[in-house]
Amino acid sequence: MNKKKIIIVGQGISGTFLSWFCYTTGIDFIVIDAEKENTPSRVAAGIINPVTGRRVVKVWLDDILLPFAEKAYAAIGSFLGINAITQTSIVEFFPNPFMRESFLKRLSEKEDYIRLFDDDRAFTPYFNFEFGAGSVEPAYIVNMAALLPAWRNFLKTEHKLIEKSFDHSLLKTTAANVQYESFQADTVIFCDGAAGAANPYFSLLPFSLNKGEAIIIEAPELPADHLYKKSLLLAPLQEPGLFWTGTNYTWEFDNENPTKEFYASITGALKQWLKVPFKIVGHKAAIRPATMERRPFAGFHPVHKNVGILNGMGSKGCSLAPYFAYQLVENIARQQPLLKEADIARFQRILSRTV
Ligand SMILES: Cc1cc2nc3c(=O)[nH]c(=O)nc-3n(C[C@H](O)[C@H](O)[C@H](O)COP(=O)(O)OP(=O)(O)OC[C@H]3O[C@@H](n4cnc5c(N)ncnc54)[C@H](O)[C@@H]3O)c2cc1C
């Protein structure tokens, strides 16, 4: 058993993997999480897409992050007795000729993850589409709805979860350790998502929070063997006949609630896209902990050296969180360096201004 002890604040996907790797490494820990329904980890579709953007380029560190994530979800899923990740493909309907051209250009450059359907007629009973379709594979869908509660239950049975809000004013830090109420530990690590932007230790980091919404539909006639994309994403949920659909990105918002505007725009888009009947059965919203430079925040505060962070997952927490949680645990247990692009050492000057 490693002698270190850590307080982890937050049990979204970041806190889940940080505590999982502490557990597998033999580091003692306690998780403090105020159960809140509309966190991004609970609202997310759980999609891991290997390509991104209008130009269909590979995601950052695809060759490292994707295989790592697949293995990490399989391992935690098998430990918990759930199916945490499924490999799938995304059927991408080109919304306009420009997107088709972009896709074909990437194909001619031998992009790894994409191919064109020679015959896309299999989809015509279900979808309206004019400009053809391609396939993106392998993609993955993480079963967040099963994983987060299953790990939470495990933490509870191990007496490693405190279900309440962390109060920063009660945290005492010294050069040697941290003290929070009756808990003494070597370090505290914040995996507090969008709340991190108001965290007294890390509020100076360049967060760029944005709000996203999702709608759950019931469409029993739609085949659940792919993800589908045409500006919107449609992802099958575990419950037969249910699909997740979204999303949007709003940088100006004054609350965390779902909006009538999103509901109206999705309903309109689905009516145009789907040929099969559907019914809206849910509508959710959450704030993404995104960052200005679209890179995560991992590591330790330059002044309060026992205070750490794993945050800034933006719109890609499902693929980023496992790898950077592992890096942080390796850094704690074996002093392994963090990847420079994620290490908050890059903000040393700005963070040194924190009181
Ligand atoms: C609509 C939508 C769709 C998305 N779809 C995808 C997707 O398909 N694929 C993908 O990879 N990503 C997706 N994302 C992004 C993804 O959800 C985030 O990157 C990820 O969930 C961030 O996880 P986190 O654990 O860092 O933060 P969070 O999920 O915000 O977790 C933080 C946790 O900390 C707790 N907490 C905060 N402050 C305190 C405190 N003071 N005391 C106690 N507890 C506290 C919160 O209650 C919460 O449980 C989506 C996001 C949205 C909004």
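Only this structure's heavy atoms are used, side chains among them; waters, hydrogens and symmetry mates stay out. One-based numbering, in listed order, for ligands and for the atoms of each.
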Fill in: Row check, F117 ring normal vs R115 NZ/CZ: under 6.0 Å, within 45°
yes
Item to complete: Identify, for atom 51 (C) of ligand 1, the protein heavy atom at the shortest distance, and state residue, atom and that distance.
Response: R288 NE, 3.5 Å
Item to complete: Could you tell me the residue and atom name of the protein heavy atom closest to atom 41 (N) of ligand 1, and the distance to it rounded to 0.1 Å?
Response: F166 O, 3.3 Å
Practice prompt. Could you verify whether a donor N or O on one side chain and an acceptor N or O on the other, from T39 and R42, lie under 3.5 Å apart?
Written response: yes
Practice prompt. For this output row, return yes or no: ring centroids of F17 and Y73 closer than 6.0 angstrom.
Written response: yes
Worksheet item: ligand 1 versus E213, non-hydrogen atoms closer than 4.0 Å: side chain, backbone, both, neither?
Response: backbone
Discussion item. Does the plane of the ring in F68 sit parallel, tilted or perpendicular to the ring in Y326? Use 30° and 60° as the thresholds.
Written reply: tilted
Item to complete: Look at E163 together with R152 and state whether they make a salt bridge at an N to O cut-off of under 4.0 Å.
Response: yes
Worksheet item: A195 heavy atoms, cut-off 4.0 Å: which ligand 1 atoms fall inside?
Response: 37 (C), 38 (N)
Worksheet item: Does an N or O from S315, backbone or side chain, lie closer than 3.5 Å to an N or O of ligand 1?
Response: yes
Discussion item. I'd like to check whether G46 has a polar contact with ligand 1, where a contact means an N/O of the residue lying under 3.5 Å from an N/O of the ligand.
Written reply: yes
Worksheet item: Side-chain heavy atoms under 4.5 angstrom apart, residues restricted to Ile, Leu, Val, Met, Phe, Trp, Tyr: same cluster for L222 and L237?
Response: no
Fill in: Aromatic plane relationship, H283 with Y263 - under 30° parallel, 30 to 60° tilted, over 60° perpendicular
tilted
Discussion item. When you compare the side chain of F21 with that of L328, does any pair of heavy atoms fall below 4.5 Å?
Written reply: no
Worksheet entry | Atom indices of ligand 1 within 4.0 angstrom of C318 heavy atoms, with elements | 9 (N), 10 (C), 11 (O)
Worksheet item: Any side-chain heavy-atom pair from T259 and K211 closer than 4.5 angstrom?
Response: yes
Worksheet item: Is it true that E109 and K105 make a salt bridge, defined as a side-chain N closer than 4.0 Å to a carboxylate O?
Response: yes
Worksheet item: Of all the atoms in ligand 1, which lie at a distance below 4.0 Å from a heavy atom belonging to K164?
Response: 43 (C)
Discussion item. Counting the benzene-type ring for Trp, do Y126 and H226 have ring centres under 6.0 Å apart?
Written reply: no
Item to complete: Compare P40, A44, G314 and give the one whose heavy atom is closest to atom 15 (C) of ligand 1.
Response: G314
Practice prompt. Return the residue, atom name and 0.1 Å-rounded distance of the protein heavy atom closest to atom 29 (O) of ligand 1.
Written response: S41 OG, 2.5 Å
Worksheet item: Is there any N or O on S14 that sits under 3.5 Å from an N or O of ligand 1?
Response: yes
Fill in: Heavy-atom nearest neighbour of atom 48 (C) of ligand 1 within options L233, D33, V43, L310
D33
Worksheet item: What residue and atom, counting heavy atoms only, is the protein's closest point to atom 9 (N) of ligand 1, and at what distance?
Response: I47 O, 2.9 Å
Discussion item. Could you check whether any side-chain N or O of N257 sits under 3.5 Å from a backbone N or O of A285, counting only pairs where one atom can act as donor and the other as acceptor?
Written reply: no
Discussion item. At under 4.0 Å between heavy atoms, is it the side chain or the backbone of M313 that contacts ligand 1, or both, or neither?
Written reply: both
Practice prompt. Answer with side chain, backbone, both or neither: which part of T247 has a heavy atom less than 4.0 angstrom from an atom of ligand 1?
Written response: side chain
Practice prompt. Compare G196, A235, G193, A285 and give the one whose heavy atom is closest to atom 27 (O) of ligand 1.
Written response: G193
Worksheet item: What is the closest protein heavy atom to atom 44 (N) of ligand 1, and at what distance does it sit?
Response: A34 N, 3.2 Å
Worksheet item: What about F202 and L170, same hydrophobic cluster or not, with Ile/Leu/Val/Met/Phe/Trp/Tyr joined at side-chain heavy-atom distances under 4.5 Å?
Response: yes
Discussion item. Show the atoms of ligand 1 that are less than 4.0 angstrom away from any heavy atom in A45.
Written reply: 5 (N), 8 (O)
Practice prompt. Please work out whether any backbone atom (N, CA, C, O) or any side-chain heavy atom from C-beta onward of W244 is under 4.0 Å from ligand 1, and answer side chain, backbone, both or neither.
Written response: side chain
Worksheet item: Within 45° of the six-membered ring axis of Y249 and under 6.0 Å from that ring's centre, is NZ or CZ of R288 located there?
Response: yes
Discussion item. What protein heavy atom lies closest to atom 31 (O) of ligand 1? Include the residue and the distance to one decimal.
Written reply: G12 CA, 3.5 Å
Response to the item:
of all protein heavy atoms, closest to atom 37 (C) of ligand 1 is D192 O, 3.4 Å
Item to complete: On the 0 to 90° scale, with breaks at 30° and 60°, tag the F94-F103 ring pair as parallel, tilted or perpendicular.
Response: tilted
Worksheet item: Counting each atom of ligand 1 from 1 as listed, which ones have a heavy atom of G317 under 4.0 Å away?
Response: 10 (C), 11 (O), 12 (N), 19 (O)
Worksheet item: Counting both backbone and side chain atoms, is some N or O of A194 under 3.5 Å from an N or O of ligand 1?
Response: no
Discussion item. Test of understanding: given a 4.0 Å heavy-atom threshold, classify the contact between K284 and ligand 1 as side chain, backbone, both, or neither.
Written reply: neither
Worksheet entry | For R42, the ligand 1 atoms whose distance to one of its heavy atoms is below 4.0 Å | 49 (O)
Practice prompt. For G10, take its heavy atoms, then give the atoms of ligand 1 lying under 4.0 Å from any of them.
Written response: 33 (C), 34 (O), 35 (C)
Fill in: Interfacing atoms of ligand 1 (cut-off 4.0 Å, heavy-atom, C191)
32 (C), 33 (C), 34 (O)
Response to the item:
With W273 as partner, the option from F127, F129, F123, Y228 fulfilling ring pair (Phe, Tyr, Trp, His ring centres under 6.0 Å) is F127
